[in-house]
Every structure is written in structure tokens, then in C-alpha cells.
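Below: one structure, written as C-alpha cells.
All of these numbers come straight from a predicted model, not from anything done at the bench.
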Amino acid sequence: MSPTSNARERAASGHSLLSALNPAQREAVETLEGPLLVLAGAGTGKTRVITTRIAYLMERGVAPSNILAVTFTNKAAGEMKERVKALAGERTKALTIGTFHAFSVRLLRAHGEALGLSRSFTICDSSDQLSAVKSVMRELRVHETTMHPSAVLARISLAKNRMETPALLRETATSTRDELVASVWERYREHLTRSRTLDFDDLLLETVRLLREHAKVRDFCRKAYRYILVDEYQDTNHPQYEIVRELAAEHRNVCVVGDDDQSIYGFRGADIQKILGFHHDFKGAKVVRLETNYRSTRPILEAANAVIRHNSARHEKSLVSAVGEGAPVRLTRLADETIEAQFVVEEILKLVRRGEGRLSDVAVLFRTQVQPRPFEAELRAKGIPYVLVGGMSFFDRKEVRDVVAFLRVASNPDDEAAFLRVINTPPRGIGKTTLDRVLAFATSEGISAPRAFARAEEIEGVSEDAIEAYEDFRGRLARVAIENATHDLVARLGGLLEAVDYKSEVRRLYADPMTREARWAAVEEMLNFAENYTRRSPRPTLAGFLEELALTSGDEPSERDSPGEAVTLMTLHAAKGLEFPHVFLVGMEEGLLPHARAVADGGCEEERRLAYVGITRAMRALTLSFVSERAKYGKRVAAMPSRFVFEMRGKTPPDDWVPVEATLDAGRDDEPTKPNTGSSAVPAGGRKAARRGRRSRASGASPRKRPR
DNA sequence: GGCTATGCTTTTTTT
DNA sequence: AAGCATAGCC
């Protein structure tokens, strides 16, 4: 189609989706056919492009049911739906917009039987994964000091994300640790299969397998989803990429949008190569760059550009501000984290008093979850309302986890993790010894723990009382299941809690009426959740409810507790995609940002992108702070300003500055034989700094000993 | 079996 | 500093 005919059409239709777009954005929207990579820098109107593009596709006659848009978070999916609806109205209902995981679950529920999956599989969360790994390690008689279970799990997950197999890992093992991981992985897999459970990684992997091995499903999907959009493509991992590739293989109408400079989920398997190499993976791909930033003032963008320039693996681009001049970026050194919090809170009060903004215009961003503590304390002391995003989620609360476990056991009797959680909740006389024996039996028979319990008479050392208690528990569940067959979800959930007498558990655990009430409120909140789900869902089911819980539990509780006017506290990861007129980026220190651990794993470039994400959240004012001394694991330790601070100002660090690398114990966690892949141990941007650090030590000007 | 006290480790980020 | 596991006691 020629541009003129397009223009004519727009004029003819009288309204124009495109008129609000700049030329690059317009090109991204109008290129409907073939692979398209949209490199959208921070604040360049990425979401606007995606939503307009969807609306435009529909305007051009594409059926909404033929459009698939995938995102990484439910929040992003929700926002996308909203905005498309605002542009295109009711027809958006037939669109498929969701996360990769949600899309996968849907497909697996519908067609998973072809893979031998049970229709009632449950999804296990990361804490279930961890207990599975722990129990496997116990089975294998591996002491937890050999290798931390969470480290084992991380390796397994990473390997899964690379679509490797235990066998491959064993073959290529370069250390006994690799072999250990391979063994645990094998058993872990059996463990989950027995429980008819899939973990997050499996959802994607099984979907890939489904699409690859079952031509009927594959062809159906290819026909159904003729236009594919992927948001935040820089966060795509290998299985996700394979899903996209399978779906788009024939029509090749795949538009991916993202910013390689904002790839911050590498630790979770996201592969920046996917966005860097899109034009190789999809030959003939068109590339559109969005570089006009509508969010931040020039000084803020200059700071961002100055930092990110030090990364080597990236698509070259630089943001230009459409906003123009503004206040310079501020940088402050404070004595310690308490003073830092006082300073920031004082600054917030000042700017509100001066009328420069409201509390909801302000965000405090930090690297780790321990940092918000002093800020919370200070904000409370001053009576300033705030919202802490992330942190301990509602879904991490003990009561909520208990309730979910009851539901999971009711939905999938083989779900071992859930079963073990609630078999003795409230205490019904089934203790550790009994469970150990049952578990041992389950392992030797290759069945799930609940099934093993059903055959408890065969197990030596399991008391009559325990068997009776188990049968009583099962009986209660069964009774509720029958009684409730006709009831709605909320009533069933209520009945279930009644039947297992959960209230007495809460009563038993919390003597204080205040806390007891607060605890029980969480349980009631779950009932609200169920009610809400029932209302929203066209065909509410227990499994559907559990799915939603599993897939959205990482999300913040949305506007539920509508904080109104409040300061936002959150991690840099949580801040991606958001913007605030006033941003405080705190804890700009070597070891924190870049985080020591990330640097040790050669992930400094990702840390730099994290800093970049933080800086680019700011619209009008950005304040960075760092601290001379900070409490760590209960001890006070000296801190250095972050290398990113120097990069940002184009300065070299002073002679007594020490990079984190120099403070890391050598050869700690990884294979000591194999040096770190590539030269990534010395990050591109930190090269100067690192050399300097080393030289100053070599020349005898040893770094000042950490005081105190 | 269940509860409490003591000692020890630590997750950086999350679908 | 705090949560978690283990040990030891009722």
C-alpha cells in the first residue's frame, strides 16, 4: 500500500489513529506484514505504539481473534487491554492479550492431554520448587552445605530456560557440582510429575513441546494467531522465543517491541541476544528505532545516555528529549542509610511544600529489598503515607499460602507440596517422623506422598492414630467436595475452611486478638478474591481460580487498597515501565548497584542497565544518593560511590576508590577451573575503574582497610 | 508429637 | 537483623 492511499483512507475515515504519532512511531504501526523489530528507548511511546498498532490492525479489517499480544507481566497485559479498549472499543474482547505463562496454561489445559498431562495439573510456585529440591537433596543424601538448595534450583531453572536436559548437563559437566545438579534435576522432575505439577519453566517448555510435536495444535494456533506482538522483547527467554517462532513460522507477521538497554531479567533466563539478533532469527526483518523521549528533561537523559554508553552489547541509539531543559541531576553523599532516609524524606516534604509536586509524584527506587526499611521507618515517623511495591506480597502470607494449599489439595489430590503443607494444619497428630516414613515409602514406590499415605498400613512405623487422622482429613475434603458440588466457588472455599477447621489454627497460633484478627483478615481477603474471580470469569472453576492465583501472585495488589496520595517505594526491577515526576535513586554504591553478587557472576552490564532504568524513570527531577557506611548482615561496613556515578559525570574515580571486584573473595561459588566466560568479569564501563583499583593496590597504595 | 530456645546463614532482581 | 533449622524438652 502506498503512503498516499493510506493518507486518503485516513482522511476518508475522518478519525485517525495515526495522527497522534511521530514518523517513527507511525512507521512501526503501519508496517503490518512481516517481521518487525521496534527498538523503543525508555519513554519513547512504546505502549502507545503497541496499542495503536493493535487498533490499527483491527481497523484494517483483521479480526481481533487473529491477534495475539504477549507481555511479561499481568500488569502490562491489563494496561494494554485498557488502552486498546480506549482506542478501539468493545471488539477488544476477542483479542488474546496475556503473559506468555497465561497463554501457555490456556493452551496446555486445552490440549495438554496430547502430551500426557493431566487436565487437573497444578502450578507450583517457587517456594514449592525449593521444597521439592530440598527433599530431593535429602533423598540423595546431599548435605545442604555442599551446595545451597536455592543455588541448585537456580541452576536447574537456568538450564531449563536454555532448554537443556539433565543428560546433557551430565555429559558436559565440568565439576561435581554440575553432576549433583543433574542428579537433583532428574529426581526433581520425577517429583513434579508424581505430583502432577508443573513449575513456571515447565509451562513454557511444555508449550514448546506441544507446538513442536503436535501438528494439529500447531496448525490450529498458526491459523488462529495471524498477527503476533511481543512486548518487552528484551526479556524473552529461549522457550518463549521458540513459542513465538513456532507460531509465526508461516505468516511471519511478528512484531516485537523492546529496548535492549532495559534488559534486566538475565538472571531469570531472559536472553538479550534475542533482541540483539532478531534480524538474524527473522530474516528480512524491518527495524524501527524510537528515540524521541517524551518523558524526561535533557539533563536526565544526558545522565542516562552517559551511563548506558559504557555497555558494549547493545543496539546503538541515543535518546533525545522532547521535553527540553530542566533542573540538573542532583547527587548527594550521606553518612549512613538512616541519614539517607532522613535526607530523602526531608526533600520530599520540601518539594511538596514548595508545590512542586504531590506525594504520588514521588518514587524512591532502590536495588535490594532490605533498603526500604529505613525509608519506611522515617516516612512513618513523619506521618507520610507510602506504598511499598513488591516486598512481602499478600500471597506470601502464611494464611494465604495455607488457604491456597487447601484448595490445591482439593483440586489435585496428588499435589505433594500442598498436601505436605496442610496435612497437619491444624495439628492432627501427624508429625515429622510419620511424614519422613511416608515420604521414604513414597520415594521407594515412585508415588506421590498423598498416595503413599493412602497405603499407610503397608508402611512400618506409622501409627494407627496417624492413619486415622489422615483418613479423617481425607474424609473431610471428600465430604466438602460432594456437599459443594452445586455451590459456587466462594461457598465451596468457605465450606472447605470450615471442614478443616482452619479458624482454630489461626486461633491457636495467635493469642493476641489484634493480630489474630489481622491474620484472619487475610483469609477473608481470599474469599473476596474468590468472589471477585467468580464475577469476572465467564466460567469460574476451582482450577481456573488457582491458575489465576499462581500466575498473578507476583503482581502488586493493584489499586485494591487505593492508597491515593502516597510516596512510592520500590525496587528498580519493579519500576520498569513506570514514570514519576520526582525520582530518588538511593544506595548508589559499589556492591549495591552494581550489586557485588551480580558483578561476581559477570553481570555488570545488566547492573548498568538497571541503573539506566532507574534514571530514565524520572520526568522532571532526579536525585541520586549514596552513603559512606551501611549496615550489612548486622555489621557496619564502609561503602564507595558506585562506578555509575562516575560514568554519569564523565569523571574517573579518585585513587582511593576500590571497585567491588577487588573486595570479592576469589573463586567462591563457581567452577574454579573455568575462568569466567569472556572478559565479562571486567565490565566494559568499569575497565578504567578496575585497572585503577588494581594498580593502586599493586603500587602499594593499598585500599584503606575497612574501618570498624 | 508438639513446642520452644538456641545457633547459624543470608536472596539481587521475579513470571 | 531476622528467619530457619536443629536440638532438646515437655
(message) Go nucleotide by nucleotide along DNA chain C from the 5' end; which of A:Arg373 and A:Lys432 gets its closest nucleotide reached first?
(response) A:Arg373

(message) Would you say A:Thr571 places a side-chain N or O within less than 4.0 Å of OP1 or OP2 belonging to B:dT14?
(response) yes

(message) On DNA chain B, compare the nucleotides closest to A:Thr99 and A:Arg367; which residue's is nearer the 5' end?
(response) A:Arg367

(message) Base of B:dT13, side chain of A:Arg268 - is there a donor-acceptor contact under 3.5 Å?
(response) no

(request) Could you tell me the separation between the CG atom of A:Leu592 and the C1' atom of B:dT12, rounded to a whole number of Å? (result) 10 Å

(message) So A:Phe72, base contact, sugar-phosphate only, or nothing? Heavy-atom distance under 4.0 Å.
(response) sugar-phosphate

(request) Would you please classify the geometry between the A:Phe200 ring and the A:His101 ring as parallel, tilted or perpendicular, with 30° and 60° separating the classes? (result) perpendicular

(request) Specify the separation, in whole Å, of atom CZ of A:Phe200 and atom C1' of B:dT14. (result) 9 Å

(request) Check the geometry between A:Tyr633 and B:dT10 and answer yes if their rings are stacked (centres below 5.5 Å, planes below 30°), otherwise no. (result) yes

(request) Mind checking A:Ile264 for me? I need base, sugar-phosphate or nothing, with any heavy atom below 4.0 Å counting as a touch. (result) nothing

(request) Pick base, sugar-phosphate or nothing for A:Thr434, based on heavy-atom distances below 4.0 Å to the nucleic acid. (result) sugar-phosphate

(message) Taking the nucleotide of DNA chain B with the nearest heavy atom to each, does A:His148 or A:Gly429 sit closer to the 5' end?
(response) A:Gly429

(message) Salt bridge check, A:Lys46 against A:Asp231: does any charged N sit closer than 4.0 Å to a carboxylate O?
(response) yes

(request) Taking only the side-chain heavy atoms of A:Ala598 (C-beta and beyond), determine which of B:dT12, B:dG2, B:dT15 contains the nearest atom. (result) B:dT12

(message) Under 4.0 Å, heavy atoms only, any strand: does A:Arg508 hit a base, just the sugar-phosphate, or nothing?
(response) sugar-phosphate

(request) Would you kindly give the CZ-to-P distance between A:Arg630 and C:dA1, to the nearest whole Å? (result) 15 Å

(request) Kindly determine whether A:Asn311 and A:Tyr612 satisfy side-chain hydrogen bond (donor to acceptor under 3.5 Å, both in side chains), including the steps that lead there. (result) CA-CA 11 Å; A:Asn311 269 3; A:Tyr612 176 80; over 6 Å; no

(request) Tell me what A:Asp201 touches on the nucleic acid: a base, only sugar-phosphate, or nothing, going by heavy atoms under 4.0 Å. (result) nothing

(request) Give one of base, sugar-phosphate or nothing for A:Lys134, where a contact means two heavy atoms less than 4.0 Å apart. (result) sugar-phosphate

(message) So if I take every side-chain heavy atom of A:His595 and compare against B:dG2, B:dT12, B:dT13, which nucleotide ends up nearest?
(response) B:dT12

(request) Return the nearest nucleotide to the side chain of A:Asn424; candidates are B:dG2, B:dT14, B:dT15. (result) B:dG2

(request) Determine if A:Tyr265 stacks with B:dT13; use a centre-to-centre distance below 5.5 Å and an interplanar angle below 30° as the criteria. (result) no

(request) With the side chain counted from C-beta on, respond yes when A:Ile97 and A:Lys81 share a heavy-atom pair under 4.5 Å apart, and no when they do not. (result) yes

(request) Compare the minimum distances between each of B:dT13, B:dC3, B:dG1 and the side chain of A:Thr433, then state the nucleotide with the smallest one. (result) B:dG1

(request) May I ask you to establish whether A:Arg408 and A:Phe419 are in a cation-pi arrangement, using a distance under 6.0 Å from NZ or CZ to the six-membered ring centre and at most 45° from the ring axis? (result) no

